[in-house]
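No hydrogens, no waters, no symmetry mates; every other heavy atom, side chains included, goes into these values. Along the sequence shown, residues carry numbers from 1.
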Amino acid sequence: MTLTKRILLAMILGVGTGVLIHLIAPSEDHFLRAWLARGLFDGIGQVFIASLTLLVVPLVFVSLVCGSAALGGHSRMGAMAVKTIGLYLATTAVAITLALGIGQLVKPGEGIDMPGEVEEFQVADKPSLKDTLVGIFPSNPVEAMAEGNMLQVIVFALLLGIAISRSEHKASHYMQEFFGHLNTVVLKLVMILMHLAPYGVFCLLAKLFADLGWSAIADLALYFFTLLFVLLLQGLGVYSLLLKLLTGLNPAIFLRKMRSVMVFGFSTASSNATIPVTLRTVEQDLGVDNRVASFSVPLGATINMDGTAIMQGVATAFIAQVYGIDIGLMGYLMVVLTATLASIGTAGVPGVGMITLAMVLQQAGLPVEGVALIIGVDRLLDMVRTAVNVTGDAMVSTVVANSEKLLDRKQFERPISNED
């Protein structure tokens, strides 16, 4: 079996095992829940996530230095960056507009009885726009790498790559060769760790469904399936349409080649942890030049949060309907603007969408306590959101590469020779 099929099988077995444990051991203190699900399974799952996260900083740094060193003297580098960021923000705006529109059409919050007491949701302080912009530039690149601050790592790698490209010929050649070899070694490490994926995926999903079961989904079924529908519409419909209109490429080929990346995004619920798989697929299967992929993929994992924007749109409509508050057209326009800007600098890690949702609710004048109504099913939907996010990263990378004549269209259309 190919690696992708083994991961899919592990997902099915993990969900089945988790639901079975939830049925057999409804109490949280039961041996199966406490020691098996939250002990063994959770431990192995966390080791899997840690092994992927281990690769993120070295892979992004080395790959981006290689790409910017090769492109550093290229007059189109600035234009490429503007196109990439512009496309990410545009798809995010489309995503939340779609979510708000369908949320208003379906009205998932109508008819739901408000609980007598809604638990308080603690909101982390969101930095100001000025602090966010200043925080992009690292004062200590080693500290940025140690803390996993991806925007700062990206800026430092870009500056280093450009400096290498503009150094005298001997130094430039030596450094490009060094980082090229280092990139090969890091990618080999990626492939070694990828073979642990089926075991990690099984344990993550078994632990999740042992805690959740199906009851959490049944209680919020209309909200759950409305959000799921919009996520699938964005991931399969909007991205396919944009790819066809802007490049003329076949969306079916794109989605087929992105299958393993979507599976990894779903199972890890982390755009950052999925970067190694996304980067490899974008370069080797979609034919995007490393000079584009090494910039657009890590940047997308940091600022492209279409799935999170969709959750914020549907959740805002849902919470407004539950509380019976009409925020009006201007309120929804402010939600679109706030959620789009909030996607910039949002860390690509599980659960961060709840913090930005709280900020959006405050901006719209809705009670932040409403977050507690949906938090039960958010972890499962977070997995789908991540799959949408990483698909958007790959789509934008392909469109930008095509516009810069840095896309190998023959490689894009070529069948995958080895899915592993």
**Q.** Heavy-atom check, side chain of Asn402 versus side chain of Leu246, under 4.5 Å
**A.** no
Q | Among Val292, Val288, Asp393, side-chain contact (heavy atoms from CB on, under 4.5 Å) partner for Thr398 | A | Val288
(Q) Do Pro141 and Gln152 make a side-chain contact, defined as non-hydrogen atoms from C-beta onward lying under 4.5 Å apart? (A) no
Q. Can a salt bridge be assigned to the pair Asp289 and Arg291 using a cut-off of 4.0 Å between side-chain N and carboxylate O?
A. yes
Q. Which atom names give the shortest non-hydrogen contact between Leu222 and Pro108, and what distance separates them?
A. CD2-CA, 3.5 Å
Q. Phe61 vs Phe179 aromatic rings, parallel, tilted or perpendicular, using cut-offs 30° and 60°?
A. perpendicular
Q: Compare every heavy atom of Ile96 with every heavy atom of Gly313, then report the nearest pair and how far apart it is.
A: CA-CG1, 4.0 Å
**Q.** Lys107 side chain vs Gln104 backbone, donor-acceptor pair below 3.5 Å
**A.** yes
Q. Rounded to the nearest 0.5 Å, how far apart are CG of Leu381 and CG of Leu231?
A. 7.0 Å
Q | Separation of Lys83 NZ from Glu404 CD (nearest 0.5 Å) | A | 4.0 Å
(Q) Apply side-chain contact (heavy atoms from CB on, under 4.5 Å) to residues Phe254 and Leu249 and explain how you reach the verdict. (A) CA-CA 8 Å; Phe254 171 79; Leu249 295 168; over 6 Å; no
Q: Quick one: closest heavy-atom pair of Ala210 and Ala37, and the distance?
A: CB-CB, 3.7 Å
Q | Side chains of Val384 and Phe266 in contact at under 4.5 Å (non-hydrogen atoms) | A | yes
Q. For the side-chain contact (heavy atoms from CB on, under 4.5 Å) test, which of Leu279, Thr391, Val390 pairs with Val261?
A. Val390
Q. Can you find a pair of side-chain heavy atoms, one from Lys207 and one from Leu36, that are under 4.5 Å apart?
A. no
Q: Start with the C-alpha gap between Val94 and Val238, add the side-chain angles, then the distance that decides, and say whether side-chain contact (heavy atoms from CB on, under 4.5 Å) holds.
A: CA-CA 9 Å; Val94 169; Val238 173; 4.2 Å; yes
(Q) So, taking the atom named CG in Leu89 and the one named OG1 in Thr91, what distance separates them when rounded to the nearest 0.5 Å? (A) 7.5 Å
Q: Take Ile21 and Arg33 through the test side-chain contact (heavy atoms from CB on, under 4.5 Å) and record every step on the way to the result.
A: CA-CA 7 Å; Ile21 291 174; Arg33 290 277 290 276; 4.0 Å; yes
Q) Does Asp306 use its side chain to pair, donor to acceptor, with the backbone of Asn389 at less than 3.5 Å? A) no
Q) How about Thr316 and Gln312: does a side-chain donor come under 3.5 Å of a side-chain acceptor? A) no
Q: Please report the shortest heavy-atom distance between Gly265 and Thr274, naming the atom on each side.
A: CA-OG1, 3.6 Å
Q: With rounding to the nearest 0.5 Å, note down the distance linking CG in Asp285 to CZ in Arg256.
A: 11.0 Å
(Q) Within the structure provided, determine whether Leu243 and Val399 are in side-chain contact (heavy-atom separation under 4.5 Å). (A) yes
Q.
As an exercise, state the distance from CD1 of Ile12 to CZ of Phe202, rounded to the nearest 0.5 Å.
A. 12.5 Å
Q. Can you tell me how far CG of Leu255 sits from CE of Met262, rounded to the nearest 0.5 angstrom?
A. 5.0 Å
Q: Compare every heavy atom of Lys257 with every heavy atom of Gln411, then report the nearest pair and how far apart it is.
A: O-NZ, 3.0 Å
Q.
So Val314 and Ile102, do their side chains get closer than 4.5 Å, heavy atoms only?
A. no
Q | Residues Thr281, Met258; criterion side-chain contact (heavy atoms from CB on, under 4.5 Å); working and verdict | A | CA-CA 7 Å; Thr281 300; Met258 283 298 296; 4.2 Å; yes
Q.
Could you work out, with ring pair (Phe, Tyr, Trp, His ring centres under 6.0 Å) as the rule, every residue matching Tyr239, not counting sequence neighbours?
A. none
Q | Heavy-atom side-chain proximity of Asp408 to Phe412 below 4.5 angstrom | A | no
Q: Check whether any side-chain heavy atom of Leu242 sits under 4.5 Å from a side-chain heavy atom of Met395, and report yes or no.
A: yes
Q) Looking at Ser172 and Ser165, what are the two nearest heavy atoms and their distance? A) OG-CA, 4.0 Å
